[in-house]
Every structure is written in structure tokens, then in C-alpha cells.
Amino acid sequence: MNDTPFLPFTRPSIDERTIAEVSEVLRSGWITTGPKCQALEAALSRRFDGRPVRLVNSGTASLELALRLCDIGPGDEVITTPMSWVATANVVLAVGATPVFVDADAATRNIDLDRIEAAITPRTRALLPVDLAGLPVDRDRLNRLAAAHGLRVVEDAAQSFGAQWGGRPIGSFGDLVSFSFHANKNMTFGEGGCLVMNDEAEARRFELLRLQGVQRLPGGGMEVEAWGAKANMTDIAAAIGLGQLRSIDDFNLRRRQLARRYFERWDRSLGFELPSEDTELHGNWHMFQPLLPRAFAAARPDFVAGMKALGFGVGVHYPAMHLFSMFRAMGHARGDFPVAEDIGERTVTLPLFPAMTDADVDRVCAAVTTVMAELQGVRP
Ligand SMILES: *Cc1c(COP(=O)(O)O)cnc(C)c1O
């Protein structure tokens, strides 16, 4: 055992200036949606090449309302990946449509673009890809596929804020792009999300969808023509967001440095499969996720417990979604998506967040070696 503090797999970085700015909002008399939300939407829009951006209170709300913006509902199919947080498919169910899974690609762990075409039916309305761990799906191929089949694209970019494709920031091009600002994401407001859209007309419809469908009329009246959710963001959260936005590029730079150090210090003889090295630096290194050696897949709980005993938090992101009982009840079974299943059984999320030191990475690597030696000792 050591006496250094426990290192979680992630931890948000909130600076004192941001904390002071949140206090100002709390003292201001206006704490829900207001000037801070407006300022944050404008700042985000500038990052995304002037495209309209609207904030909501979660990434899940952003995805669900994006599907509603596309008029996707009962009878429609949305193609997505089983290797994601369950929100990605839950939002499809929430609008009454059917999530159609396509297996992951073993190299990127994102949706396998080669298998999408075979999953398209006359009912398919949209593609809902995920940038797992912040490594972007190939946007050129994705958008070409969507255009060839007349499909909308709702990018679940919950994990890829600050990532790039072809030198352009994710969000600054494409169709609808959804981000999350949950506490574990590279940029966080505690909770929150936003959608990047194509034009002001879409943004206006999204504003109605996010807050009760209420239209404000000149002279102080109001009108409601259609249902809307309750998904607006607070100025308290937006003040955190404005502070995070000052630092996000430094955060992501630091994440890349730490990821590089993992690759340098990792003991390759242990037999893990490391994530794609992403030498062109498209990604934002939202997570660092080696896959356990196959012979140790069943020992993952012991690996997690062994790391915890040495002072390191290890997460599992994610078990393949189609094996959850809700999706089994819809007809899915083991063997449907073997690549996602294999990743889901072996993936471990190791500590990676901007406040970590290089020495922290070295300590994690040493602990992994120690724990694997222990596990090997108790196995034939
Ligand atoms: C975090 C996340 C979401 C949901 O975002 P929330 O803000 O937690 O609602 C959706 N998809 C992916 C891939 C995520 O990582």
C-alpha cells in the first residue's frame, strides 16, 4: 500500500475564478436561463464557425430533442452503436422509434462504417454515431453515407468536445451535433448539454422543444402550438460553462500529453490491447481504455478491485448495450454484435484527467503491472 491520495479515473477541474463567477450569479437575483446562457451560446457558436447552438440541461435532452427536431417517431428506425452509454439508445426509445444497432469496429471501437449500409431499411431515418472516448467517427465517410441514403445525422459527440476531423472542430460542420457537459466529460457544467444546428429556423424550433413549446408574443402574450420539454439550462451552470470554455483547450492538450505518456510507459508484454494511438491527434482523449488480455476478461472485477486496493479508480465504459435485459427483451442476444461484446467484456477506463501529473501515469502503469502479476499468480 502507499499513502498517496486515491486517484479516481476522472475528476473535474474548476478554477477559483469560475467559482467566484458562479457566486456572482447566485447573488445577482437571476439564476435560471438568462444572460449567462446567452453569452455561452454565443461563445460556443463562435467555436463552431458561427453555426447556431442552443443549451439544454443534459446531453440526453439534447439528443432526444434533436430526434424530435427531425420529426423522428414511431415506425422510424435510427442506426446507432451498442458500444456507448445507454442514453444513446434510450433517446431513440423515448421518441417512440427503434434503435437499430450496428457492431463496432475493433480498431476505433466506434460504429463500423462498413456495416451501416446493410442495416439501412425503408424505415431508417437517421444515423446516430458516437465518438467513443472522444475519438471521432470518420466524418467524411459518415456524411457521404447519409447523403447517399437521404438520412439525417445526429452526432452523439457527448465525449468529443474539442476533437477534430480533417482539421475542423467537431461541431463546426455536419448536420446536428450534440454535446454533453456531464461531470465526467472533458468540459463540464455539472450537468448540461447543447445542440449545434444548421440554421436559425431549426434553432427557433429547438427553443420551443426545449421549453414547453411556449412562444412569446409581442405585447407579453404567449401561444403554444405543440408539445415542448422542460430542458432549459440555468445561468448557474452557464457561468461554470463560461469558465470551462476558457480552459478546455488547455485541458485537452494536457489529456493528449498524459495519453502519450501512457503509450510510452505501458508494459506491452502484459498483453493488453491499447486504444488506437490516434497519431493525427483527432481525438480529445476523453478516456484511456486498454482492453484486458482475453484470458483475463472474466477476471475484470479482480483487476478493478486490485487497482482500487493500490489507490487507483478504474471504470467500465461500457458493457455492450444490447446485452442489457431491456434490449434482450426486444430480441437481442449474445453473438449479435461480437466486436462490441468483446470490447464490453475487456474494457477498463484508467485514470486520465487534466490535473494528473506525469508521475501519476507512471504510478498507474506500475500498478497495472503489479495487479496483472497477482492475477497471473492465481491463474494456471
Ligand atoms: C454522457 C453521454 C451521454 C449523455 O449525456 P448526459 O449529459 O449525461 O445526459 C450520451 N451519450 C454519450 C456517448 C455520453 O458519453
Side-chain angles (χ1 to χ4, degrees), residues 9-12 37 40 44 53-68 78-95 99 101-102 104-105 108-111 126-137 142 153-163 170-171 174 176-196 209-210 229-234 236-238 240-241 244 248 252 255 275 283-289 315-322 324 327 340 343-344 347 349 352-353:
F9 72 78
T10 192
R11 183 195 286 151
C37 284
L40 182 54
L44 288 168
V53 181
R54 294 296 182 272
L55 293 162
V56 283
N57 56 12
S58 74
T60 304
S62 168
L63 286 171
E64 180 185 330
L65 298 183
L67 294 174
R68 292 188 188 278
V78 176
I79 292 178
T80 191
T81 168
M83 182 37 60
S84 181
W85 175 229
V86 69
T88 308
N90 271 344
V91 295
V92 180
L93 297 172
V95 302
F101 294 119
V102 165
D105 170 84
T108 64
R109 304 179 190 169
N110 289 329
I111 193 167
L127 305 179
L128 178 42
V130 175
D131 302 321
L132 191 71
L135 182 71
V137 170
L142 177 76
V153 178
V154 178
E155 298 177 19
D156 183 350
Q159 302 185 1
S160 53
F161 193 98
I170 295 300
L176 301 176
V177 188
S178 175
F179 293 100
S180 164
F181 306 112
H182 171 267
N184 282 355
K185 306 303 202 253
N186 290 24
M187 178 162 94
T188 180
F189 319 162
E191 299 284 357
C194 76
L195 190 71
V196 190
L209 283 168
R210 86 175 155 185
K230 165 63 184 177
N232 58 303
M233 174 173 271
T234 69
I236 301 167
I240 305 174
Q244 290 274 288
I248 183 61
N252 284 343
R255 283 175 177 274
N284 66 1
W285 286 103
H286 172 57
M287 296 187 278
F288 186 78
Q289 302 174 292
V316 173
H317 307 94
Y318 302 89
M321 212 190 296
H322 65 287
F324 289 138
F327 295 103
I343 297 167
T347 190
T349 306
L352 179 63
F353 55 90

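Values reported hereafter were calculated over all heavy atoms of this structure, with side chains retained and with hydrogens, waters and symmetry mates removed. Atoms within a ligand are numbered from 1 in the order they appear, just like the ligands themselves.
- Under the side-chain contact (heavy atoms from CB on, under 4.5 Å) test applied with Ser62, the options Asn57, Val56, Val154 reduce to a single match, Val56.
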Enumerate donor-acceptor pairs with a distance under 3.5 Å from any side-chain N or O in residues 180-187 to protein atoms, sequence neighbours excluded.
unit_1 : atom_1 : unit_2 : atom_2 : d
Ser180 : OG     : His182 : N      : 3.1
His182 : ND1    : Asn184 : N      : 3.0
Asn186 : OD1    : His286 : ND1    : 2.7
Asn186 : ND2    : Asn252 : OD1    : 2.8
Asn186 : ND2    : Asn284 : O      : 3.0

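- Side-chain N or O atoms of Thr347 include none that pairs as donor or acceptor with a backbone N or O of Gly344 at under 3.5 Å.
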Ligand 1 N/O to protein N/O, distances under 3.5 Å:
unit_1   : atom_1 : unit_2 : atom_2 : d
ligand 1 : 5 (O)  : Ser180 : OG     : 3.2
ligand 1 : 7 (O)  : Gly59  : N      : 2.7
ligand 1 : 7 (O)  : Ser180 : OG     : 2.7
ligand 1 : 9 (O)  : Gly59  : N      : 3.3
ligand 1 : 9 (O)  : Thr60  : N      : 2.8
ligand 1 : 9 (O)  : Thr60  : OG1    : 2.5
ligand 1 : 11 (N) : Asp156 : OD1    : 3.3
ligand 1 : 11 (N) : Asp156 : OD2    : 2.7
ligand 1 : 15 (O) : Gln159 : NE2    : 2.8
ligand 1 : 15 (O) : Lys185 : NZ     : 3.0

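- Under the 3.5 Å distance criterion, the side-chain polar atoms of Gln289 are left unmatched by any main-chain donor or acceptor of Thr349.
- Between the side chain of Thr80 and the backbone N or O of Ala89 there is no donor-acceptor pair closer than 3.5 Å.
- Residues Phe327 and Leu93 share a closest heavy-atom pair of CE2-CD1, 4.1 Å.
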